[in-house]
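Here the structure comes first, spelled out in structure tokens, and everything after it is commentary.
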Amino acid sequence: MKELLANLTGVYGPSGKEDSIRSAIEKEIKDHVDEIRTDTMGNLIAVKKSTLSGDKPPVRVMTAAHMDQIGLIITNIDENGFLRFSNIGGVSPFNVINRRVVFENGITGTVSYETELENMKDLKLNKMYIDIGAANREEAEKQVSIGDVAVYYAPMAAAGNRYFGCAMDDRAGCAVLVQAIKTIKDSPNELIFVFTVQEEVGLRGAKTSAYSVNPAMAISLDVTLTGDTPKSRPMAVRLGAGPAVKIKDSSLICHPRVKNLMIDRAEEAGIPYQLEVLEAGGTDSGSIHLSREGVPSGVISIPCRYIHSAREMVDKNDLENAVKLLNSILENEIVL
Amino acid sequence: MKEFLAELLDLPGVSGYEEIIARRISDEFSKYCDEVQTDSFYNVYGIKRGTAPKDGSPAPKVMRAAHVDEVALMVRDVTEEGFLRFTNIGGVDQRILLSQEVTIHGREKLFGIISTIPPHIQEDGDSKTAVKMKDMCIDLGLPVEKVKALVRIGDLITFRSPLVSMAGSMVNGKSMDDRASVVMLVEVMKELDRLKYQAEVYATATVQEEVGTRGAIISTYRVEPDIGIAIDVTHGETPDAPRERTYAMNKGIVVAKGPNLHPGLTEKLLETAGEYGIDFQLNITSGPTGTDARSIQISRGGVPTVLVELPLRYMHTTVETLNLDHIKQGARLIALFIASLKEGWQEWLKY
Amino acid sequence: MVEVLKRLTEARGVAGNEDEVREIILELAAQTGAEVSVDRMGNVIARKPGLKTGKKVMLAAHMDEVGFIISYITDSGMLKFHTVGGIDQRLLLSKRVRIGKKGIPGVMGVKAIHLQEKDERNKVIDQKQMVIDIGVHSKEEAQKLVELGDYACFDSNLVVFGDNKVKAKALDDRVGCAVLLELLKDTYDFDLIACFTVQEEIGSRGGEVAAWHLKPDMGIVLEGTACADIPDVPEHMHITKMGRGPAISYMDRSSIADPELFRQMVKTAREHSIPYQLKENIAGGNDAGVIHKSRSGVPTVVVSVPCRYIHSPSSMMDLNDFNNTIRLMKEFLKGCESR
């Protein structure tokens, strides 16, 4: 798991530019699934067929994790070669100050801000820039263009069972899903695994893939906030206490039957889990559950500290237990 | 009618957890409908089929919608002392919460009180700032072990505030928004039974309106109606709110006008009201409304939609107040409007 | 061409009440030989069937504009209103409007400077406090001219001025409509479907249902987009620059351009030496947001004509940008034939 996570978090893939990360994931899973395809928006869709034979069609279950990560998009290059940028997804000015960032072509830069600013509270992204060491516009334009996107340059590091790195949101979910695909036993359900695009800019890939997959039930895997750091916003989720079964967030109220199914499976299999009530934020299931006539949906959340920073932290046991929980849900016949 | 409303107010139906109230509504619908369906999200559909046009032309499929879900609270955490921390589901003014009686839907139903700090130990000026929801807690009067055994994170909390009759036909209670409109759905069925009509009429009791008209999105997709009629509440006149944004409690139901509503169809609805002497007030809205009409209108290839509203005072509190006469009047108007959809109804939908 | 722009921009068409501009577009689109229809939301669909059967290309421009809706009449006959779409309340004072089907004239006044306290001039008047004056003396008189729910829009004529510039209201997005009407004059080997959408300004509601029932294989949105290349705005916040040609978007708040379409659009401009610019900002959204997410997804790109001072009675555009946008689109569509 550690190696897989280090690999996936190291691959470039901001929203809208998921080609590299899609290839990396495709390589990991293609020998373990029956079908694999990429759709119009770039979602990677993999299928494991049901073991059921006979007239009764199997229950089609969609499992989703998003491949994309947040990023900084160049909107202007000034005459001195500084790059002005805007955000792709939730980028806080304070999280990016003096961070090293990297473009798709490997060019790296440092993020800084207009220091005439008197009050740091007024810091906004339009008062910031990326310095790639170019002397002027011409030199900068040889290396990058308007519309190019940078992501954190932050190789994963480990401290015991805790892993630090960028893009744990949601490569941690991707890693869990990849690991589940590799280890899952045959299932009576038809399993559709979707690695979605453009989650960070509004759950967009999930919307179109849910429409084409047309599942009977869906589960997405994503990271969630914790309330276990000093004077944090109150929240009952702790790092290392097990994957969290989501109750609600701003994008959905998890379907009671899906939620209960998850809890039942976790308890039967003796997998540690927590319950999550998230007061802000959303994830792919928010889009999926409103597709067509409605898709009963739930979420397995991976507790994660410092989300959207270059040092997001997850716990190895939470990841491994999330794989176990997901497999125990998917391997058994689902009756809704 | 009042009894059914009172019964509905007492049933829990928090957004996302509407199964119990859906069952009761399904029972009621089946008394008046040709067919009743419930989907996997507990939207309930009552279908009444009119007499098809003699010339074989297609009859319109009309969907009326009113939402069943209520604003409520949810357990966010259990403190070491056995008190509950909570968050809101749907828009709740934190200032109404202090000292409310609530029901916690844990492993069993529990009575609780939202606690307050006594004035005697407050600092000067404390009473000038509102207490934040995140700092409030619920007291169950139980020892912590018992609380932990009975309550878990994510359990629902509903307000306790049964229906009270006031002067004349005025009533108050919790969840009038939008259970009063659900009652109107049933009243329309009763009215339709007295009329001749051609349409195939769906009454949809929708879920999850308070968290983003989510039930309307999926139910309209399923029904694929030609015409949508959303029913919801709007703001009744009170001294603390601007006159131009509120409606009288005794001057008839409210019909909305604006981009979210189909102009021709709304005109027909108002003509029907005029023809039968049904009083109405106009609510002018400038964008997508905060009602199910918002999602019904843009379902699939578009659904011409109208919106009928009941004036309601003190929305999203435990003392929502409305006039029962409006339910009757609204039901009559909607039924007459549906009955007026005859051959050539498609013309009404043109631009 | 300016005549068409004049007709389009001077027509009233606040979101939800696009009747007047719809009639003009139906007339002009029919003149190009396109099959025209109006869908259930009021979107105008103009279709030029392809010479070969096959792909459907949806071009979208929105007909609606920002404006007002009359919500209440005071006892003295003044009109209270809501804004429809995003309008800076600070620019409303001392503006003329036209109300309802008959175009009743009204003004948004402000108390004379002589009657103001000294510090009042620095205070913004809340739109909720403002009224429209139609020159009547009582509620009854007002009710004879105006009904609740009537829409009002800025009263502003098209003027050609300066160096090939025009001033008009509603350039966002009547300029897109004018581009579409020009493109409809040609026929391609794919189905060209020009969709003049309603209600973009209040959340792309027309575009959403149009994309649903048209089921296009590709979407191109033509917009009049913001341009802030004016004094005191730092260069990196100009968004677009007037006179530098059509702006191609790689991304905005509602969509990320399909990478292949974006590349092809830039390539087309370069190959035919048509001036173009990349939109240097990702603020704002448009119909592409709903089109690209329709059903299983639709590859979509946005091309915009830079317009200064949009969402005001006096927006401004360079006619060269307008003409270059038409050139770029024609070459791009021709290029689509081989693909």
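First the proteins, then the strands, lettered A, B, ... as listed; each starts at 1. For clarity, every value in this text was computed on a predicted model and none was experimentally measured. For the numbers below, each heavy atom of this structure counts, side chains included, while hydrogens, waters and symmetry mates do not.
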**Item:** Rounded distance [0.5 Å steps], CD in B:Gln281 versus NE2 in B:His326
**Value:** 6.5 Å
**Request:** Pick one of side chain, backbone, both or neither for C:Leu214, based on which atoms fall under 4.5 Å of a heavy atom in chain B.
**Result:** neither
**Fill in**
Looking only at C:His82, C:His213, C:Glu201, the option with the highest number of non-hydrogen pairs under 4.5 Å against chain B is C:His82
**Request:** Measure the spacing between CD of B:Glu237 and CE of B:Met249 and express it to the nearest 0.5 Å.
**Result:** 9.5 Å
**Prompt:** With no hydrogens and no angle check, do the side chains of C:Ser204 and C:Asp287 hold a donor and an acceptor under 3.5 Å apart?
**Reply:** yes
**Item:** B:His262 ring center within less than 6.0 Å of B:Tyr351 ring center
**Value:** yes
**Message:** Between C:Lys169 and C:Glu65 (salt bridge meaning N to carboxylate O under 4.0 Å), is one present in this structure?
**Reply:** yes
**Message:** Is there a side chain to side chain donor-acceptor pair (under 3.5 Å) between B:Asp69 and B:Ser15? Walk through the geometry before answering.
**Reply:** CA-CA 5 Å; B:Asp69 62 316; B:Ser15 312; 2.7 Å; yes
**Complete:** Most contact-rich option vs chain B, by heavy-atom pairs under 4.5 angstrom, among C:Val38, C:Thr83, C:Asn43, C:Leu148, is C:Leu148
**Complete:** Under 4.5 Å to a heavy atom of chain C? For B:Asp226 that would be both
**Item:** Neighbours of chain B found in residues 124-136 of chain C - heavy atoms under 4.5 Å
**Value:** C:Lys128
**Prompt:** Are C:Arg96 and C:Phe154 in a cation-pi setup, meaning NZ or CZ lies under 6.0 angstrom from the ring centre and within 45 degrees of the ring axis?
**Reply:** no
**Asked** What option among C:Met41, C:Arg295, C:Arg205, C:Gln199 has the most heavy-atom pairs under 4.5 Å with chain B?
**Response** C:Arg205
**Item:** C:Arg22/C:Asp19 ion pair, N-O < 4.0 Å
**Value:** yes
**Asked** So which part of C:Tyr151 gets closer than 4.5 Å to some heavy atom of chain B, the side chain, the backbone, both or neither?
**Response** side chain
**Prompt:** Do B:Gln297 and B:Asn260 get their side chains close enough for a donor-acceptor pair, meaning under 3.5 Å?
**Reply:** yes
